[in-house]
Amino acid sequence: MAPKLVFYDLEWSQSEIIQIGAVCGGSEFSQCIRPSGRIDPFVRRKIKLDVREGPTGERQVFDIERRMFLPTMDAREGFVEFLDWLESVSEGGGVMMISHGNADILVLDRNFSKYDLEERLYKYVSKYVDFQEYLAVHFKDISSRMSLKDLVGIFCKNQGFRLHCADEDSRALKHVFMNLHHMRGVDRSTFERNLGKMRRIYMKSITVPKSCKEIKELANKLNPGSQYVLLPNIFGVYNIFASSPLFSVLEAPENYQFEVPGYSINHSTERYVARDEYKERTKVELACHIGNAYFILNHPIGANVKNPLNLVKKTGNKIILTPGTPVSVTVLVTSTNYVKVAEIAVNHEKKAVNVEKILADLHKLKRGEKLEVCSAIRQCEQRPEGASVDTNGNVDPRDKPGLLKFGQPSAQRNDKNDVETDKDILARREKQLEYCKKTDDYRAYFDAVPKNHRVEKMPRTPNMTRKYSRRQWDGAVKHWKTHVHTVGREIIRNRRGKENENSGSKVVEEKPKDNIVTIESDSDAAEINEKV
């Protein structure tokens with residue numbers, strides 16, 4: 001049974017839904033939601049909706065343009081009404097949610113998640129479709145950046161809509177969609193098939209609000225106990241976010257960003273070696289926390305980066321973080337579960353603390369001790385012996401045995417889809433590896449350090465049979481080659497130094513031996529006299 005087409009729109013302010021409008025065939029839904037606070041002034045001017053005290057004494061949504069109060073419900077009640085409507089129009093099947101743009105998807109999901117209604121929502125919703133993306137794929141002569149107002153002006157000339165009102169916007173979108181296909185001679189079966197072939201909506205980066213349900217669940221999964229602890233890392237956070245029911249109908253993003261509170265531990269400059277050269281950079285060490293789980297993050301800042309925290313660059317205004325300075329840290333976690341600091345902002349609303357005392361009072365996990373954390377984190381924490389780890393607990397991508405991808409059970413982590421089978425790709429990778437292995441640096445490293453004697457931070461050859469994107473593979477090879485050259489050159493340098501020392505000592509010892517002959521008999525003396 002083909003999914004029903006639902007054209008929908010939301011009006012929202014500060015991530016809170018104010019109005020839901022939807023149309024499916026001849027059935028329409030319109031409901032205003034009572035927000036917890038005031039509507040943002042910019043949003044109010046744009047959508048011409050406000051929240052005022054109504055005739056009943058309760059706060060209601062007021063249509064400024066039409067000068068009338070609109071029926072308003074509390075959030076949970078209004079969302080349940082919408083789910084009941086979806087159930088009725090789905091007729092036992094799924095629904096395909098079509099909107100002009102994709103900005104409303106995350107707002108809809110987070111508002112329903114707040115009241116634990118997301119499971120029921122995705123029981124009916126089988127797919128989201130962005131009409132702008134649909135135009136870009138199937139109607140290339142129409143700009144996908146056109147606003148709904150412009151599209152209405154082209155395809156619905158004789159129809160009037162009160163735009164920026166959710167119910168009218170959803171109705172206008174449906175008429176634009178139907179009129180467009182009618183004018184182009186596209187029948188229903190064809191556009192339904194085209195909609196079905198549309199790829200899942202993909203958002204490269206998703207920002208998770210600090211007060212939303214996902215952050216609260218993350219805090220509980222990182223440390224379900226009541227004791228304040230210091231975690232070695234937060235490896236596996238991406239998997240927790242990607243386990244949301246939303247990503248059963250959307251593609252998981254490349255990365256998530258979320259904000260956490262924390263305190264400065266150290267803010268100073270440091271010297272480091274890059275390709276046999278000493279360079280200087282700024283290092284910021286932070287103690288961050290999510291709920292009662294603390295963790296340490298390090299943020300290196302390059303010498304030429306424009307950043308007020310950059311102590312190496314002499315120009316511009318500087319911000320120096322003293323130990324205990326309260327900060328807000330934007331953390332970025334990628335699909336490979338890599339953790340990094342994206343931004344640091346001083347929190348002037350809080351007072352400085354004794355961060356050393358806070359860290360000293362935390363319960364530190366002892367060797368072999370593990371928290372009862374969720375399986376997504378536990379699976380990501382398991383790493384092979386000898387895997388490289390940076391200061392933020394990130395495992396070298398080449399050392400990971402295969403990440404648990406959303407939508408796959410743990411038993412299928414290393415299935416055949418994770419193995420590269422393309423012969424051309426394997427041949428190219430082998431050629432790249434062999435090129436490095438023929439260098440003097442690699443030979444010196446290979447001869448000096450047998451495989452069974454290599455420790456954690458030594459170079460490890462990338463696994464060419466594992467699934468990588470071209471960019472990931474090239475990056476892994478570059479990192480490996482750089483590491484090999486650094487270690488190999490050091491081995492060669494040390495070897496030459498020892499050879500010079502040994503050759504010098506041999507000359508001193510051997511010179512006397514050339515002029516001294518031991519005479520053991522008269523025959524030896526006669527032989528020597530004959531030579532002389």
Side-chain angles (χ1 to χ4, degrees), residues 1-13 15-36 47 49 51 54 56 58-63 68-131 161-162 164-175 177-178 192 195-196 201 212-214 244-250:
M1 183 178 181
K4 302 293 183 180
L5 306 185
V6 173
F7 300 88
Y8 80 101
D9 185 66
L10 304 179
E11 303 301 339
W12 47 275
S13 172
S15 297
E16 281 191 311
I17 293 178
I18 302 169
Q19 186 184 32
I20 304 176
V23 181
C24 180
S27 178
E28 297 185 1
F29 179 87
S30 177
Q31 183 59 61
C32 291
I33 306 298
R34 186 176 295 109
S36 60
I47 67 176
L49 293 177
V51 177
T56 60
E58 290 186 305
R59 296 166 64 249
Q60 286 185 269
V61 175
F62 182 77
D63 189 332
M68 58 183 291
F69 283 99
L70 304 177
T72 307
M73 288 184 174
D74 289 331
R76 174 180 283 278
E77 186 182 0
F79 297 157
V80 170
E81 287 277 338
F82 180 61
L83 291 173
D84 291 341
W85 180 81
L86 284 180
E87 183 179 12
S88 65
V89 299
S90 67
E91 298 178 354
V95 298
M96 193 179 296
M97 303 283 282
I98 304 172
S99 61
H100 189 260
N102 59 26
D104 290 344
I105 297 174
L106 294 179
V107 176
L108 184 69
D109 175 76
R110 285 174 182 150
N111 276 265
F112 278 63
S113 297
K114 184 178 180 180
Y115 297 95
D116 299 319
L117 297 172
E118 71 276 19
E119 294 285 352
R120 189 182 172 194
L121 175 64
Y122 298 113
K123 179 181 177 182
Y124 310 127
V125 177
S126 60
K127 191 171 189 177
Y128 285 104
V129 175
D130 179 354
F131 184 59
F161 298 98
R162 193 285 203 204
H164 297 303
C165 191
D167 51 359
E168 289 289 308
D169 282 352
S170 59
R171 193 179 299 117
L173 179 60
K174 179 197 170 185
H175 281 82
F177 183 90
M178 294 300 180
E192 285 183 349
L195 287 169
I201 291 176
C212 71
K213 180 181 177 180
E214 289 97 323
S244 166
L246 172 64
F247 300 104
S248 62
V249 293
L250 255 62

Does any non-hydrogen side-chain atom of Asp130 lie less than 4.5 Å from one of Ile105? no
Do you know the tightest heavy-atom contact between Asp167 and Ser170? O-OG, 2.8 Å
Which residue, Val61, Asp63, Leu49, Thr72, forms the side-chain contact (heavy atoms from CB on, under 4.5 Å) with Gln19? Leu49
Is there a side-chain contact between Asp169 and His100 (heavy atoms, below 4.5 Å)? no
Indicate yes or no: at least one non-hydrogen side-chain atom of Leu246 is less than 4.5 angstrom from one of Tyr122. yes
If you define the side chain from C-beta out and look only at heavy atoms, does anything of Arg171 sit under 4.5 Å from His175? yes
For Glu118 and Lys213, the nearest pair of non-hydrogen atoms, with its separation, is OE2-NZ, 2.9 Å
Does the pair Glu11 and Ile47 meet the rule for a side chain to side chain contact (heavy atoms under 4.5 Å, CB included), with working shown? CA-CA 8 Å; Glu11 303 301 339; Ile47 67 176; 3.2 Å; yes
Going from OG on Ser248 to CD on Glu119, what distance comes out if it is rounded to the nearest 0.5 angstrom? 8.5 Å
Residues Cys32 and Pro71: closest non-hydrogen pair is CB-O, 3.2 Å
Relative to each other, are the rings of Phe29 and Trp85 parallel, tilted or perpendicular (30° and 60° limits)? tilted
Working note: Leu195 + Ile98, criterion side chain to side chain contact (heavy atoms under 4.5 Å, CB included); need CA distance, chi angles, decisive distance, verdict. CA-CA 10 Å; Leu195 287 169; Ile98 304 172; 4.1 Å; yes
CZ/Phe177 to CZ/Phe131 distance, rounded to the nearest 0.5 angstrom? 6.5 Å
Closest non-hydrogen atoms of Glu214 and Cys212, given as atom of the first, atom of the second and distance, are OE1-SG, 3.1 Å
Is the closest side-chain heavy-atom distance between Gln31 and Ile17 below 4.5 Å? no
Side chain to side chain contact (heavy atoms under 4.5 Å, CB included) for Trp12 and Ile33? Distances and angles first, verdict last. CA-CA 9 Å; Trp12 47 275; Ile33 306 298; over 6 Å; no
Starting at SG of Cys165, measure out to CG of Leu70 and round the result to the nearest 0.5 Å. 6.5 Å
Glu16 and Ser36: side chain donor to acceptor below 3.5 Å: yes
Indicate the atoms forming the closest heavy-atom contact of Val6 with Ala22, along with that distance. CG1-CB, 4.0 Å
For a side chain to side chain contact (heavy atoms under 4.5 Å, CB included) check, start with the C-alpha distance between Tyr8 and Tyr128, then their side-chain angles and the critical distance, and finish with the verdict. CA-CA 10 Å; Tyr8 80 101; Tyr128 285 104; 3.8 Å; yes
With a 4.0 Å cut-off on N to O distance, would you call Arg120 and Glu87 a salt bridge? yes
Is the shortest side-chain heavy-atom distance between Leu250 and Asn102 below 4.5 Å? no
Do Pro35 and Val51 come within less than 4.5 Å of each other through their side chains, counting heavy atoms only? yes
Pairwise distance CG(Asn111) to CG(Leu106) - rounded to 0.5 angstrom: 11.0 Å
Donor-acceptor pairs under 3.5 Å, side chain of residues 73-83 to any protein atom, not counting sequence neighbours: which ones?
| residue | atom | partner | partner atom | Å |
| --- | --- | --- | --- | --- |
| Asp74 | OD1 | Arg34 | NH1 | 2.5 |
| Arg76 | NH2 | Tyr115 | O | 3.0 |

Would you name the heavy atoms of Cys24 and Val89 that are closest together and state the gap between them? SG-CB, 4.0 Å
Just wondering, do Val249 and Lys127 contact through their side chains at under 4.5 Å, heavy atoms? no
Roughly how far, to the nearest 0.5 Å, is CE of Met96 from OG of Ser90? 13.5 Å
In Å and rounded to the nearest 0.5 Å, what is the CG to OG distance from Leu108 to Ser99? 9.5 Å
